[in-house]
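Single-structure report; data block below.
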Amino acid sequence: MPELPEVEVSRLGISPHLQGRVLKQVLVRQRQLRWLVPDEVVALQNEPILGVSRRAKYLLMHLKQGDILIHLGMSGNLKMLPSATPPGKHDHVDWVLDNQTLLRLNDTRRFGAVLWQAKGELHPMLSALGPEPLTDAFTAEHLHLCCLKRGSAIKLVLMDNHVVVGVGNIYANEALFKAGILPTRSANSLTLAECAVLTEVVKQTLQFAITQGGTTLKDFSQVDGKPGYFKQELLVYGRGGEECLRCDTELREIRLGQRSTVYCPDCQR
DNA sequence: ATATCCACCTGGCGGC
DNA sequence: TGCCGCCAGGTGGATA
């Protein structure tokens, strides 16, 4: 999926269409996503939508008595459509609004989720998350402290939700390249200065990807159906065996924590 | 606590 | 064409 930029692009796309509208009903055609869609969501009727926010890779649709949590998993996308639009394959959930439109969740692989968080409660999935990367809570000092405690590869630490949220496989590869740091480096070998560079490029990379509508490899789309255009900005992800765009050295591709990892052996140390 | 590996699910691709 | 294995934006959970 959908890493943080894609989720944020989805939020920016749906928010103006949902804010202030009334959710008439929720149509669930496939209840078994990563977890069963809970009764509280299925039963919703005629609820004013107060707003839409994001925490990590979760979207939160705020209602009076609680929040609907939506996670896009690996292959999810959200679209706003006229309410008469017939559902297609993998169109699992519709949120039907009071103006002849609906918000539709399509998720081929069903690793996504729709959850419920009652007013005043914090869903367990949101309770142990690290700081948001695009806020001041994500600092070089915080990253450095996390790194000192860990002997594993920096890429794995960067992708750990307890350290910072929202950085998935694509953006971890890209950020480490931009920071000039090998993904395999032991996290506790990073200096504070290196953590400062890494923190900064993570912020820049995610922020710029949002302006480009995110990255579409296959399943992701913006709310209006257009793909994300950050794919053409990728420097290393998906380019193993090709030339480094900075120095012409052949990019290496390895597995790290079962995830494909691409780096330049010359630019990254 | 940390680290490793598996699981969930569908579909596309390369190889035989 | 068909079948088989492998791979894919995530991440909770079991295990040692």
Side-chain angles (χ1 to χ4, degrees), chain A residues 1-11 29-37 54-59 69-78 88-93 105-115 123-130 133 145-176 184 186-188 202 205-206 208-210 212-222 227-241 253-262:
Chain A
M1 133 162 233
E3 301 184 34
L4 184 144
E6 291 73 37
V7 179
E8 183 62 14
V9 163
S10 297
R11 188 189 72 78
R29 282 176 287 272
Q30 167 60 268
R31 206 169 166 176
Q32 188 62 54
L33 303 180
R34 177 160 192 188
W35 295 286
L36 204 65
V37 177
R54 179 188 58 73
R55 173 71 173 116
K57 295 175 188 169
Y58 287 90
L59 289 171
L69 274 52
I70 302 173
H71 195 290
L72 299 179
M74 286 279 267
S75 55
N77 66 68
L78 291 166
K89 207 171 184 186
H90 309 305
D91 284 339
H92 304 312
V93 182
L105 172 68
N106 177 283
D107 183 3
T108 304
R109 295 177 68 184
R110 278 192 272 140
F111 288 175
V114 174
L115 304 170
H123 195 282
M125 296 297 92
L126 302 183
S127 68
L129 297 173
L145 201 58
C146 292
C147 283
L148 289 176
K149 302 182 216 164
R150 306 276 294 265
S152 49
I154 180 58
K155 178 165 179 261
L156 300 179
V157 174
L158 198 55
M159 292 177 69
D160 181 343
N161 273 338
H162 300 93
V163 175
V164 60
V165 300
V167 183
N169 198 36
I170 293 180
Y171 297 106
N173 278 296
E174 295 298 307
L176 286 164
T184 48
S186 164
N188 55 24
V202 164
T205 306
L206 296 178
F208 184 60
I210 292 169
Q212 300 306 296
T215 301
T216 296
L217 296 179
K218 180 177 167 48
D219 300 295
F220 179 71
S221 78
Q222 300 189 54
Y229 300 109
F230 193 75
K231 187 178 180 189
Q232 57 204 65
E233 308 290 334
L234 296 177
L235 301 175
V236 289
Y237 182 85
R239 300 193 60 245
E253 179 153 4
I254 59 170
R255 311 285 304 173
L256 208 49
Q258 280 100 318
R259 312 302 297 276
S260 134
T261 302
V262 188

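Just so it is clear, the structure is predicted and the values come from calculations on it, not from any experiment. Naming: A, B, ... by sequence-line order, numbering from 1 per chain.
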Inset, instruction - Return the minimal non-hydrogen interatomic distance between A:Leu256 and A:Ala153, and the atom names on each side. - result: CD2-CB, 4.0 Å
Could you go through nucleotides 9-13 of chain B and list every protein N or O atom that sits under 3.5 Å from one of its N or O atoms, giving the distance for each pair?
unit_1: B:dC9; atom_1: O4'; unit_2: A:Arg109; atom_2: O; d: 3.3
unit_1: B:dC9; atom_1: O3'; unit_2: A:Arg110; atom_2: NH2; d: 3.0
unit_1: B:dC9; atom_1: O2; unit_2: A:Arg109; atom_2: NE; d: 2.9
unit_1: B:dC9; atom_1: N3; unit_2: A:Arg109; atom_2: NH2; d: 3.4
unit_1: B:dT10; atom_1: OP1; unit_2: A:Arg110; atom_2: NH2; d: 2.6
unit_1: B:dT10; atom_1: O3'; unit_2: A:His90; atom_2: NE2; d: 3.2
unit_1: B:dG11; atom_1: OP1; unit_2: A:Lys89; atom_2: NZ; d: 3.0
unit_1: B:dG11; atom_1: OP1; unit_2: A:His90; atom_2: NE2; d: 2.9

Legend entry - Spacing of A:Glu6 atom CD relative to C:dA8 atom C1', expressed in whole Å: 14 Å
Legend entry - Residue that, paired with A:Glu6, satisfies side chain to side chain contact (heavy atoms under 4.5 Å, CB included) out of A:Thr215, A:Ile170, A:Thr216, A:Ile210: A:Thr215
Inset, instruction - Not counting sequence neighbours, which residues clear salt bridge (Lys or Arg N to Asp or Glu O under 4.0 Å) with A:Asp160? List them please. - result: A:Arg150
Legend entry - For the student: nearest non-hydrogen atoms of A:Asp107 and A:Gly76, plus distance: OD1-N, 3.6 Å
Inset, instruction - Say whether, by atom type as modelled, one donor and one acceptor occur between the side chain of A:Asn77 and the main chain of A:Asp219 under 3.5 angstrom. - result: yes
Inset, instruction - State which residues pass side-chain hydrogen bond (donor to acceptor under 3.5 Å, both in side chains) with A:Ser10; sequence neighbours excluded, sorted by chain then number. - result: none
Legend entry - DNA chain B contacts among residues 149-158 of chain A, heavy-atom distance under 4.0 Å: A:Arg150, A:Gly151, A:Ser152
Inset, instruction - Remember a base hit wins even if backbone is also touched, and classify A:Tyr237 as base, sugar-phosphate or nothing at under 4.0 Å, heavy atoms. - result: sugar-phosphate
Inset, instruction - Can you sort out the partners of A:Phe111 under ring pair (Phe, Tyr, Trp, His ring centres under 6.0 Å), two or more places apart, ordered by chain and number? - result: none
Legend entry - Rounded distance (Å) that lies between atom P of C:dG10 and atom CG of A:Leu69: 18 Å
Inset, instruction - Please state whether the phosphate of C:dT11, meaning OP1 or OP2, lies under 4.0 angstrom from any side-chain nitrogen or oxygen of A:His71. - result: yes
Legend entry - Rounded distance in Å - CD (A:Gln258) to P (C:dG10): 14 Å
Inset, instruction - List for me each residue that meets side-chain hydrogen bond (donor to acceptor under 3.5 Å, both in side chains) alongside A:Asn106, sequence neighbours excluded, and say none if there are none. - result: A:Asp91
Legend entry - Separation of atom CZ in A:Arg55 from atom C1' in C:dT11, rounded to whole Å: 15 Å
Legend entry - Qualifying residues under salt bridge (Lys or Arg N to Asp or Glu O under 4.0 Å), relative to A:Arg259, sequence neighbours excluded: none
Legend entry - Residue list, side-chain hydrogen bond (donor to acceptor under 3.5 Å, both in side chains) with A:Asn188, at least two apart or on another chain: A:Ser186
Legend entry - Set of salt bridge (Lys or Arg N to Asp or Glu O under 4.0 Å) partners for A:Arg54, sequence neighbours left out: A:Glu8, A:Glu132
Inset, instruction - Could you state the atom-to-atom distance from CG of A:Asp219 to C1' of C:dC7 in whole Å? - result: 13 Å
Legend entry - Intra- and interstrand pairs of DNA chain C - dot-bracket, Watson-Crick/G-U under 3.5 Å, | marks other strand: .|||||||.|||||||
Legend entry - Integer-rounded Å distance: C:dC7 C1' and A:Glu253 CD: 10 Å
Inset, instruction - Ignoring backbone atoms, establish whether A:Arg259 has a side-chain N or O less than 4.0 Å from OP1 or OP2 of C:dG10. - result: yes
Inset, instruction - Go through A:Val114 and A:Leu105 one step at a time and tell me if the side-chain contact (heavy atoms from CB on, under 4.5 Å) criterion holds. - result: CA-CA 10 Å; A:Val114 174; A:Leu105 172 68; 4.0 Å; yes
Inset, instruction - Give a yes or no answer on whether the side chain of A:Ser75 reaches the backbone of A:Arg109 with a donor-acceptor pair at less than 3.5 Å. - result: yes
Inset, instruction - Considering only atom P, compute the distance from B:dC9 to C:dG13 and round it to an integer number of Å. - result: 16 Å
Under 3.5 Å, side-chain donor or acceptor atoms of residues 228-238 of chain A against the rest of the protein: list the pairs with distances, not counting sequence neighbours.
none

Restricting both atoms to N or O, compile the protein contacts to nucleotides 12-16 of chain C shorter than 3.5 Å, with distance only.
unit_1: C:dG12; atom_1: O4'; unit_2: A:Arg34; atom_2: NH2; d: 2.7

Legend entry - Rounded distance (Å) that lies between atom C1' of B:dA3 and atom CZ of A:Arg255: 18 Å
Inset, instruction - Would you mind classifying the nucleic acid contact of A:Ser260 as base, sugar-phosphate or nothing, using non-hydrogen atoms under 4.0 angstrom? - result: sugar-phosphate
Inset, instruction - Send over the distance from A:Ile170 CD1 to C:dC7 C1', rounded to a whole Å. - result: 14 Å
Inset, instruction - Would you mind classifying the nucleic acid contact of A:Asp107 as base, sugar-phosphate or nothing, using non-hydrogen atoms under 4.0 angstrom? - result: nothing
